[in-house]
Amino acid sequence: EEKINILNLEELEERAKQIIPTGGFGYIAGGSENNWTLKANRQAFTHKQIVPRALSNIEDPQLDTNVFGIPLKTPIMMAPTAAQGLAHSQGEKDTAKGVAAVGGLMAQSTYSSVSIADTAAAGNGAPQFFQLYMSKDWDFNYSLLDEAKKAGVKGIILTVDATVDGYREDDIKNNFQFPIPMANLTKFSEGDGKGKGIGEIYAAAAQKIGPDDVKKIADYTDLPVIVKGIESPEDALYAIGAGAAGVYVSNHGGRQLNGGPASFDVLEDVAKAVNGRVPIIFDSGVRRGSDAFKALASGADLVAMGRPVIYGLALGGAEGVQAVFEHLGDELKTIMQLAGTKTIDDVKKTDLLNIKY
Ligand code: FNR
């Protein structure tokens, strides 16, 4: 497998569609209901603009940053996404290698095709987070947290926006069931997830989650707990009050509450409420260097991507993943140069315009 040629990340979906089987592709690409929020995630980036700064006298912008005490070569990270074996035989192992090659941060999903330890090993010491879908079975939650800690993972992402699965029409049309096992689920009596639909998988997860659950997990682990799926200032404050070390602004890539706002449109208000007390991770719809710039300038400390990375994995394994991050990093550097920002800290201090086109 070779590094794939990438014109832009938006074109990858059509290319990946040619090689990922229909059911798996629908599961990856789809949103919920009629995909209104999925589409809004892309459109929202037009709601703010970056003012060119021509006389800033800078060159060679740098992407390196430090978040949660972790030095990173890029502020763009891999979002936790399930079942990467759908896209490539090596699944999360190759994603981990590709992300490590760019010095980025990888988040493993509870529903990974590869075990926590094997994905960590593939990253070869590169920083990784583990994403937890809280189960009703607290022994299971604790055992996953223990395994993550043992594997050297540096943070826990607790996803709270998926107490039920969104209404995913593609999965229904395709009668989609996972054709591959989920390595971390072998401890469930229901089995490893293979041959099940997403609804059945989620049924094992907790159906209600509140601040007390966040606190219970934050108290249990000494790793930083970042709460993912926050779209309101109120929830951000609840999470921080319960001991969250980070807030992850996301609408799950438009896969959960359809009819909700684009994730980018709520970022600034959540960031105002957080007021710098903890770092913010942002995702949902990031495909362009300008999108990443706007997210950083609106309060994000890290910007995550889901689908484009899975498509890169499908098209070129670890090298494909690497190429996706390099491409977005190059686009971001171009925007940084044109906006007169030398460092990621400069980007974060940039004021954007608010003109609704
Ligand atoms: C996801 N996402 C997700 N989130 C999570 O916390 N745990 C998970 O297991 C998954 N699984 C998953 C699978 C697939 C196929 C997708 C596309 C997404 C959501 C993910 O972390 C992220 O929020 C979105 O992917 C971001 O939107 P974009 O970048 O795909 O537009």
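Just so you know, ligand 1 is whichever comes first in the structure, and atom 1 is the first atom listed for that ligand. Below, each value reflects all heavy atoms present in this structure, side chains not excepted, and no hydrogens, waters or symmetry copies.
Within 4.0 Å of ligand 1, protein heavy atoms belong to Y27, I28, A79, P80, T81, A82, S109, Q131, Y133, T159, K228, S250, H252, G253, R255, D283, S284, G285, R287, M305, G306, R307, I310, listed by chain and number.
No side-chain donor-acceptor contact under 3.5 Å links Q62 to the backbone of T343.
In this structure, I281 shares a hydrophobic cluster with V67, F68, I70, L72, M77, L105, F129, I157, I226, Y248, L302, the cluster being traced through Ile, Leu, Val, Met, Phe, Trp and Tyr side chains under 4.5 angstrom apart. Hydrophobic cluster membership of V164, counting Ile, Leu, Val, Met, Phe, Trp and Tyr whose side-chain heavy atoms lie under 4.5 Å apart directly or via other members: none, as it forms a cluster of its own.
Classification of the W138-Y142 ring pair by plane angle, with boundaries at 30° and 60°, yields tilted.
Closest approach of W36 and G260 over heavy atoms only: CZ3-O, 3.4 Å.
Taking D212 as the reference, nothing meets the salt bridge (Lys or Arg N to Asp or Glu O under 4.0 Å) condition, with sequence neighbours excluded.
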